[in-house]
*Asks:* 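Quick one: this structure, given as structure tokens, is what I'll be asking you about.
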Amino acid sequence: MSYWETTGKSDEWYTPKHVFDALGCVFDLDVASPKEGGTFVPAQRYLSAGGLEASWGGFVWMNPPFGGRNGLFPWLNKFFRHGNGIALVPDRTSAPWFQEAWGLADMVLFTPKLRFLRPDGSEGKSPSNGTALFAVGNKGSMALERAALAKAGFLDVLFAINRRRAKKRHGNPRFFDGL
């Protein structure tokens, strides 16, 4: 859920269970877990504080706080440097940060608008925009393929093919160098 939809309210919004059911995987680490718990993330370990400073290991799930104009940058930097996991972000295809991240992901799944859950378990209203799941690594890509087959969204296939060709020719671009 984006900050502009909940200004002055909590940044605690939980990803609905059906997303994880569609992904059909277990994560080693949830790097931005809610403080109060109550999450549906199937993970072995959870970081509810200091996720940016902590060492990440294995296959990660990342639904970072969406608050603040540049709040996603440090999370996405760390996610792409880690190179193994799935990140949930707002679907902002026209934003430069989204386009750059899109170019680094191995696969992207565009979901319908998700009704995130509040800490008390109630469902939020439909947000103003959809979400996207960025995968890096084989395990994340396979999970996004399963989710697409379960009709949880649609995969960015053509862009992924073109991106792989560009990486072979030019190498991997650097992510958010100026920030």
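Please read all numbers here as calculations on a predicted model, not as lab measurements.
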*Asks:* For residues Arg92 and Phe98, report the shortest heavy-atom separation together with the two atoms involved.
*Replies:*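 In this case the closest contact between Arg92 and Phe98 is O-CB, 2.9 Å.
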*Asks:* Working to the nearest 0.5 Å, report the span between CZ of Phe134 and CE of Met107.
*Replies:*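 If we round to the nearest 0.5 Å, Phe134:CZ and Met107:CE are 13.5 Å apart.
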*Asks:* If you measure from OG1 on Thr15 to CD1 on Ile86, what distance do you get to the nearest 0.5 Å?
*Replies:*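 CD1 of Ile86 is found 11.0 Å from OG1 of Thr15.
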*Asks:* Not counting sequence neighbours, which residues clear side-chain contact (heavy atoms from CB on, under 4.5 Å) with Ala148? List them please.
*Replies:*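 If we apply the side-chain contact (heavy atoms from CB on, under 4.5 Å) test to Ala148, skipping adjacent residues, the hits are Leu109, Leu155.
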*Asks:* Is there a side-chain contact between Leu133 and Leu144 in this structure, where contact means two heavy atoms from C-beta onward sitting under 4.5 Å apart?
*Replies:*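 Touching, per the 4.5 Å side-chain cut-off.
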*Asks:* Can you classify the ring geometry of Trp61 versus Phe20 as parallel (below 30°), tilted (30 to 60°) or perpendicular (above 60°)?
*Replies:*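 The arrangement is perpendicular - the two ring planes meet at more than 60°.
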*Asks:* Look at the side-chain heavy atoms of Ile, Leu, Val, Met, Phe, Trp and Tyr, link any pair under 4.5 Å apart, and say whether Phe73 and Leu52 land in one connected group.
*Replies:*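 Result: yes, single cluster for both.
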*Asks:* Do the side chain of His82 and the main chain of Gly58 share a donor and acceptor less than 3.5 angstrom apart?
*Replies:*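 Such a contact is found between His82 side chain and Gly58 backbone.
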*Asks:* Between Lys78 and Glu53, what is the shortest heavy-atom contact and its length?
*Replies:*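 Shortest heavy-atom contact: NZ-C, 4.0 Å.
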*Asks:* Let's go through Phe110 and Thr93 carefully: what are the C-alpha distance in whole Å and the side-chain angles of both, what is the deciding distance for side-chain contact (heavy atoms from CB on, under 4.5 Å) to 0.1 Å, and is it a yes or a no?
*Replies:* CA-CA 10 Å; Phe110 291 93; Thr93 57; 3.8 Å; yes
*Asks:* State, without any angle test, whether Asp91 and Thr131 hold a side-chain donor-acceptor pair at a distance under 3.5 Å.
*Replies:*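 No donor-acceptor contact under 3.5 Å links the two side chains.
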*Asks:* Specify the closest pair of heavy atoms between Leu88 and Pro64, including all atoms of both residues, with the distance to one decimal.
*Replies:*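 Leu88 and Pro64 have their closest heavy atoms at O-CD, 3.5 Å.
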*Asks:* Can you list, pair by pair, the side-chain donor-acceptor contacts under 3.5 Å of residues 21-34, counting residues two or more places apart and other chains?
*Replies:*
| unit_1 | atom_1 | unit_2 | atom_2 | d |
| --- | --- | --- | --- | --- |
| Asp21 | OD1 | Lys17 | NZ | 2.9 |
| Asp21 | OD2 | Lys17 | NZ | 3.1 |
| Asp28 | OD2 | Phe59 | N | 2.7 |
| Asp30 | OD1 | Ala32 | N | 3.2 |
| Asp30 | OD1 | Ser33 | N | 3.4 |

*Asks:* Looking only at heavy atoms, which two atoms of Ala105 and Val136 are closest? And how far apart?
*Replies:*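 Shortest heavy-atom contact: CA-CG1, 4.2 Å.
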*Asks:* Decide side-chain contact (heavy atoms from CB on, under 4.5 Å) for Trp56 and Met62; before the verdict, give the C-alpha distance in whole Å, the side-chain angles of both, and the deciding distance to 0.1 Å.
*Replies:* CA-CA 11 Å; Trp56 296 1; Met62 186 182 83; 3.8 Å; yes
*Asks:* Is a side-chain donor or acceptor of Tyr46 paired with a backbone partner of Val41 at a separation under 3.5 angstrom?
*Replies:*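 Confirmed, Tyr46 side chain pairs with Val41 backbone.
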*Asks:* Strictly distance-based, threshold 3.5 Å: is any side-chain N or O of Asp106 a donor or acceptor partner for the main-chain N or O of Ser141?
*Replies:*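 Looks like no, no N/O pair under 3.5 Å.
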*Asks:* Checking Trp97 side chain against Leu76 main chain: does a donor-acceptor pair fall under 3.5 Å?
*Replies:*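 Not confirmed, Trp97 side chain does not pair with Leu76 backbone.
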